[in-house]
Amino acid sequence: MTRVWKWNRPVTVREVLEDLQQERSIAYTTVMTVLDNLHQKGWVRREAEGRAYRYEAVSTRAAYSAALMNDAWTQSDNPAAALVAFFGMMSPQQREALRDAVRIVQGPETPAAENTATENTAAENTVAQNPATENPATENPATENPAAAEGATGG
């Protein structure tokens, strides 16, 4: 998936193979099997081109990551605690990116939004002072496709 997302266009097995072979030895049939599996799972769509297929990602990498985070969060028996633990693991830069994302989702600042921002800062300070010790990722590791996600994103 990493290669398909990187190019952001339909790719052939041969193109992915040649790119991967710059880093390691890999067989054509291996790349073909992985892309076929990704197609069967609905992660890529394909279109015939002669005797070959061109594969294209169904969603962006950002959308895929967001879906994984949402799945993990909604599967928790205590979503609020999972979020607090997750925020506690974030670096200052990641927390700033989160603040930016919340601002984008909320839209233009209003008096109510300013009050929410003050409440968010207080919550963030609580997380920073009391980082959670449990890891929400290990609390319920069963996402829709964890093994495929690990294998698919690496190549």
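Being a predicted model, the structure only gives us computed values, none of them experimental. Index from 1, following the sequence.
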Keeping [X] on the side-chain end and [Y] on the backbone end, is there a donor-acceptor pair under 3.5 Å?
X: Q94; Y: S91; value: yes
X: Q21; Y: I26; value: yes
X: W7; Y: E15; value: no
X: R95; Y: M90; value: yes
X: S65; Y: R61; value: yes

Side chain to side chain, [X] and [Y], heavy atoms closer than 4.5 Å:
X: V11; Y: R3; answer: no
X: D36; Y: Y53; answer: no
X: L38; Y: M1; answer: yes

Any ion pair linking E49 and R54 (charged N to carboxylate O, less than 4.0 Å)?
yes

Do the side chains of E47 and R9 get close enough for a salt bridge, i.e. N-O under 4.0 angstrom?
no

So that I know where these two stand, are W73 and F86 an aromatic pair - ring centroids less than 6.0 Å apart?
no

Any idea which heavy atoms bring V58 and R45 closest together, and the distance?
CG2-N, 3.8 Å

Working note: L17 + M32, criterion side chain to side chain contact (heavy atoms under 4.5 Å, CB included); need CA distance, chi angles, decisive distance, verdict.
CA-CA 9 Å; L17 173 71; M32 183 175 64; over 6 Å; no

Geometric class of the W5/Y64 ring pair [parallel <30°, tilted 30-60°, perpendicular >60°]:
tilted

